[in-house]
Amino acid sequence: EAEVAQSPRYKITEKSQAVAFWCDPISGHATLYWYRQILGQGPELLVQFQDESVVDDSQLPKDRFSAERLKGVDSTLKIQPAELGDSAMYLCASSLVGGSQYFGPGTRLTVL
Amino acid sequence: ILNVEQSPQSLHVQEGDSTNFTCSFPSSNFYALHWYRWETAKSPEALFVMTLNGDEKKKGRISATLNTKEGYSYLYIKGSQPEDSATYLCASFYSNYQLIWGAGTKLIIKP
């Protein structure tokens, strides 16, 4: 069964460093989402792509976060510089337009 | 600002009992309503996607209905089991591609 791939699975970094996460969606899924999930809370949408275009990045802290999906397939989420409050699980999900989202295993980020 | 509301926020149910909870969403430009099951420390798992008014979906003991005219969906669980304990999230998708999540209903099944 096709799955959403994410790497790395775990990342420990010091504050003020740069980090990057990668996501490879299910083949054929035009919509890709990046979420941040703090323990005990629901997923918070950071950015949504439709193919290579950003549909919604209203919750993305643009002073330090950036996301791209240059060829409309895989995507990278970057944080520079990382802050202590960025420690969280970063989830990627993909879907057909309007369809159910399939989530990757996530990247657990710890900022020291 | 569009808002999706779920109620109740949390629910304690005795094992074997049936239960249901609600997702309310803005109906203008509506495209699809999603239900997800989310266990802590795991990724959300898709349960249903519904698009048409009157849609009903079923998966084992879990079922859902959709009313797009009044903007609500119900999720039903029949004969609750301990493994049903989770947070149930709904999300509403719109024709401008916007997706809005509810805050979830946390279900706890008491043995």
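Nothing here was measured: the structure is a model prediction, and the numbers come from that model. Keep in mind that the numbers below use all heavy atoms, side chains included, and drop hydrogens, waters and symmetry copies. Residue numbers begin at 1 in each chain, while the letters A, B, ... track the order of the sequences.
To the nearest 0.5 Å, the span separating OH on B:Tyr97 from OG1 on A:Thr31 amounts to 7.5 Å. Here the CG-CG distance, from A:Leu45 to B:Leu99, works out to 6.5 Å after rounding to the nearest 0.5 Å.
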Check the pair A:Phe103, B:Trp38 against ring pair (Phe, Tyr, Trp, His ring centres under 6.0 Å), reporting the backbone distance first and the verdict last.
CA-CA 11 Å; A:Phe103 286 80; B:Trp38 173 52; 9.8 Å; no
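Taken together through direct or relayed side-chain contacts under 4.5 Å among Ile, Leu, Val, Met, Phe, Trp and Tyr, B:Trp35 and B:Ile100 form part of one hydrophobic cluster. Grouping the Ile, Leu, Val, Met, Phe, Trp and Tyr side chains by contacts below 4.5 angstrom, directly or via other members, places A:Leu77 apart from A:Tyr10. In the hydrophobic cluster analysis, where Ile, Leu, Val, Met, Phe, Trp and Tyr join through side-chain heavy atoms closer than 4.5 angstrom, A:Ile38 is grouped apart from A:Leu46. Put simply, A:Leu109 and A:Val47 are part of the same group of oily side chains (I, L, V, M, F, W, Y) that touch within less than 4.5 Å, one to the next. Both B:Leu47 and B:Val13 belong to a common hydrophobic cluster when Ile, Leu, Val, Met, Phe, Trp and Tyr are linked at side-chain heavy-atom distances under 4.5 angstrom.
When the heavy atoms of residues 90-101 of chain A are compared with those of chain B, the residues falling under 4.5 Å are A:Leu91, A:Val97, A:Gly98, A:Gly99, A:Ser100, A:Gln101, listed by number. At a heavy-atom cut-off of under 4.5 Å, chain A is reached by B:Phe48, B:Val49 from residues 48-69 of chain B, listed in order of number. Residues of residues 80-96 of chain B lying under 4.5 angstrom from chain A, judged on non-hydrogen atoms, are B:Leu89, B:Phe93, B:Asn96 in numerical order.
For an aromatic pair to be called close, the ring centres must be under 6.0 Å apart, and A:Tyr33 with B:Trp101 fails this.
Residues that satisfy the side chain to side chain contact (heavy atoms under 4.5 Å, CB included) test with A:Ala5, not counting sequence neighbours, are A:Trp22, A:Asp24.
Around the NZ atom of A:Lys71, the shell of radius 6.0 Å holds no more than 12 heavy atoms that belong to other residues, nucleotides or ligands. Taking a 6.0 Å sphere around CZ of B:Phe30, one finds it holds more than 12 heavy atoms contributed by other residues, nucleotides or ligands. For B:Gln9, the CD atom sits in a loose shell: 12 or fewer heavy atoms of surrounding residues, nucleotides or ligands are nearer than 6.0 Å. By the neighbour-count criterion of 12 heavy atoms within 6.0 Å, atom CD of A:Gln80 is sparsely surrounded, having that number or fewer from other residues, nucleotides or ligands.
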